[in-house]
Amino acid sequence: MTRHFLDLSGAGGDALAAMLGDAQERKAARRGWPKGQADADAPLAGRVLAMIFEKSSTRTRVSFDMAMRQLGGSVIVLEAGTTQLGRGESIADTARVLSRMVDAIMIRTDDHAKIEELAAHASVPVINGLTDASHPCQIVADLLTVIEHGKALPGLELAWLGDGNNVLSSILEAAGLFGFNVRIGVPQGYDADPAYADVAVSRGSRVSVHRDPREAVVGADVVVTDTWVSMGQSGEEARIAAMTPYQVNAGLMALAAPDALFLHCLPAHRGEEVTDAVIDGRQSVVWDEAENRIHAQKSVLRWVFGQL
Ligand code: CP
Ligand code: NVA
């Protein structure tokens with residue numbers, strides 16, 4: 001059966017644990033090498049990944065490209081606006097055609113239903129490179145970063161500040177799979193997607209919602225935020241006004257555990273969801289997190305190809 005990576009739950013905790021272990025090993029094995037040099041075993045030699053972008057991207061695009069190079073394979077980038085998909089060719093037909101031409105498809109799009117449709121009609125693996133609903137590839141990199149910085153996932157207290165968005169949804173999935181707890185500091189009207197929060201709770205995670213951002217952060221092991229206005233969202237002014245009290249600044253960060261980590265998937269809007277003092281401060285691991293997109297994506301790729 002074709003393995004798709006549409007959400008973390010679809011892969012499951014065991015597969016994700018295998019990906020995290022593989023990412024750590026591969027990262028260590030090639031430390032100091034030129035970034036474009038293939039890993040010694042080049043496990044995806046001859047494989048081609050098509051990447052479809054219906055939204056902007058820097059990290060996802062570069063990390064998947066570098067991941068494929070390091071695994072010995074290659075990529076084709078399709079900007080949706082310059083493809084027939086952008087002129088109305090159906091997702092189903094696009095899936096059928098690409099399945100005959102390439103070995104896997106990564107797509108960044110808006111409606112999550114589109115990625116499900118693509119997967120339903122593709123005979124090659126489909127990977128979620130972000131939808132309005134979730135961003136699972138990002139969270140594999142985030143978990144890798146947290147582990148690398150010496151924190152065990154079970155029992156971890158993670159504080160999320162700001163918008164209840166797609167990145168938070170994937171964090172909630174991970175919480176349920178790895179047994180950590182999520183405190184969400186979010187203004188009314190911008191809450192997390194209950195479908196993802198409920199699954200985390202049903203798997204035994206504590207998920208709490210706080211209108212006072214300080215309550216969310218007190219004693220937290222990891223503090224995470226993201227843009228207040230995700231790609232495709234409207235109502236920018238109202239969103240910024242509502243979320244301003246949830247800015248991660250030095251005062252708020254000081255309430256977390258003394259060794260707490262700060263994560264942000266990037267791009268950051270400095271002065272909005274996070275201050276310079278925090279993102280450039282001693283607790284910030286955002287550059288490791290960004291680099292880890294490569295190592296995490298390599299393991300996601302190896303998993304969809306049945307190598308993990
Ligand atoms: N974090 C992330 O997905 O970044 P890009 O939008 O640059 O891909
Ligand atoms: N929540 C953000 C993440 C960007 C990587 C967005 O969807 O725009």
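Numbering of ligands and ligand atoms starts at 1, following listing order. Remember, it's a predicted structure, so these values are computed and weren't measured experimentally.
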Enquirer: Any nitrogen or oxygen of Arg61 lying under 3.5 Å from a nitrogen or oxygen in ligand 1? Just yes or no.
Expert: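 No: no nitrogen or oxygen of Arg61 is under 3.5 Å from one in ligand 1.
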Enquirer: Checking a contact table here: which protein heavy atom is nearest atom 7 (O) of ligand 2, and how many Å away?
Expert: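 The answer is Asn166 ND2, 2.8 Å.
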Enquirer: Taking only heavy atoms of His135 into account, list the atoms of ligand 1 that are under 4.0 Å away from them.
Expert: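 Selected atoms, number and element: 2 (C), 3 (O).
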Enquirer: Please check whether Leu266 reaches ligand 1 - meaning an N/O of the residue sits under 3.5 Å from an N/O of the ligand, judged on distance alone.
Expert: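 Yes; the residue has a nitrogen or oxygen that sits under 3.5 Å from a nitrogen or oxygen of the ligand.
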Enquirer: I want to confirm something. Looking only at heavy atoms, which of Ser230, Gly232, Ser169 is nearest to atom 2 (C) of ligand 2?
Expert: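 Nearest heavy atom to atom 2 (C) of ligand 2 lies in Ser230.
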Enquirer: In the protein, what heavy atom is nearest to atom 4 (O) of ligand 1, and what distance, to one decimal place, separates them?
Expert: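 Answer, as residue, atom name and distance: Arg59 NE, 2.9 Å.
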Enquirer: Could you state the interatomic distance from NE2 (His264) to CD (Glu273), rounded to the nearest 0.5 Å?
Expert: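 Spacing of NE2 (His264) from CD (Glu273) equals 3.5 Å.
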Enquirer: Could you tell me if Arg239 sits above the aromatic ring of Tyr190, with its cationic atom closer than 6.0 Å to the ring centre and no more than 45 degrees from the axis?
Expert: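 No, cation not above the ring by the 6.0 Å, 45° rule.
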Enquirer: Give the atoms of ligand 2, by number and element, whose distance to some non-hydrogen atom of Leu266 is under 4.0 Å.
Expert: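 This gives 5 (C) as the contact atoms.
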Enquirer: Gln283 versus Leu261: any side-chain heavy-atom pair under 4.5 Å?
Expert: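 Sidechains of Leu261 and Gln283: no contact.
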Enquirer: How does Asp132 reach ligand 2, if at all, at less than 4.0 Å between non-hydrogen atoms: by side chain, backbone, both, or neither?
Expert: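 Under 4.0 Å from ligand 2, Asp132 contributes no heavy atoms.
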Enquirer: Hey, is Glu54 close enough to Arg108 for a salt bridge, meaning N to O under 4.0 Å?
Expert: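 Arg108 and Glu54: not salt-bridged.
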Enquirer: Decide yes or no for Thr275 and Gln247: does some side-chain heavy atom of the first lie under 4.5 Å from some side-chain heavy atom of the second?
Expert: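 Side-chain contact under 4.5 Å: yes.
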Enquirer: Identify the protein heavy atom lying closest to atom 6 (O) of ligand 1, giving its residue, its atom name and the separation to 0.1 Å.
Expert: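 Sorting protein heavy atoms by distance from atom 6 (O) of ligand 1 puts Arg108 NH1, 2.7 Å first.
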Enquirer: Heavy atoms only: which of Gln233, Met231, His264 is nearest to atom 8 (O) of ligand 2?
Expert: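 Answer by nearest heavy atom: Met231.
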Enquirer: State if Arg293 counts as touching ligand 1 under the rule of any non-hydrogen atom under 4.0 Å.
Expert: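 Flag set, Arg293 near ligand 1.
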Enquirer: Can you find an N/O atom of Arg108 closer than 3.5 Å to an N/O atom of ligand 2?
Expert: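 By distance alone, the answer is no.
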Enquirer: Inspect the contact between Asp93 and Arg96 and indicate whether a charged nitrogen and a carboxylate oxygen are less than 4.0 angstrom apart.
Expert: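 Yes, Arg96 and Asp93 are salt-bridged.
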Enquirer: If you measure from the Lys or Arg side-chain nitrogens to the Asp or Glu carboxylate oxygens, is any gap between Arg69 and Asp39 under 4.0 Å?
Expert: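 So Arg69 does not pair with Asp39 through a salt bridge.
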Enquirer: Does only the side chain of Thr60 get under 4.0 Å from ligand 2, or the backbone, or both, or neither? Count heavy atoms.
Expert: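 Within the 4.0 Å criterion, Thr60 makes no contact with ligand 2.
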Enquirer: Salt-bridge test for Arg211 and Asp191: reply yes if a basic N is under 4.0 Å from a carboxylate O, no otherwise.
Expert: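 Looking at Arg211 and Asp191, the cut-off is met.
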Enquirer: Applying a heavy-atom cut-off of 4.0 Å, say which part of Leu130 lies close to ligand 1: side chain, backbone, both or neither.
Expert: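 It is neither; nothing of Leu130 touches ligand 1.
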Enquirer: Between Glu79 and Arg61, does at least one N-O distance fall below 4.0 Å, as a salt bridge requires?
Expert: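 Looking at Glu79 and Arg61, the cut-off is met.
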Enquirer: What atoms of ligand 2 come within less than 4.0 Å of a heavy atom belonging to Leu130?
Expert: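 Within the 4.0 Å cut-off of Leu130, ligand 2 contributes 3 (C), 4 (C), 5 (C), 7 (O).
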Enquirer: Is the shortest distance from a Lys or Arg side-chain nitrogen in Asp110 or Lys55 to a carboxylate oxygen in the other one below 4.0 Å?
Expert: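 Salt bridge absent between Asp110 and Lys55.
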Enquirer: Is the count of non-hydrogen atoms from other residues, nucleotides or ligands lying under 6.0 Å from Arg270 atom CZ greater than 12?
Expert: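 Correct, the count exceeds 12.
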Enquirer: Could you tell me, atom by atom, which parts of ligand 1 come under 4.0 Å of a heavy atom of Cys265?
Expert: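 Taking each heavy atom of Cys265 in turn, ligand 1 has 1 (N) under 4.0 Å.
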Enquirer: Provide the number and element of each atom of ligand 2 under 4.0 Å from a heavy atom of Asp226.
Expert: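 Going through ligand 2 atom by atom, the ones under 4.0 Å from Asp226 are 1 (N), 2 (C), 3 (C).
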Enquirer: Using a strict 4.0 Å cut-off to heavy atoms of Thr58, name the atoms of ligand 1 that fall inside it.
Expert: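 So the answer, numbered in order with elements, is 5 (P), 7 (O), 8 (O).
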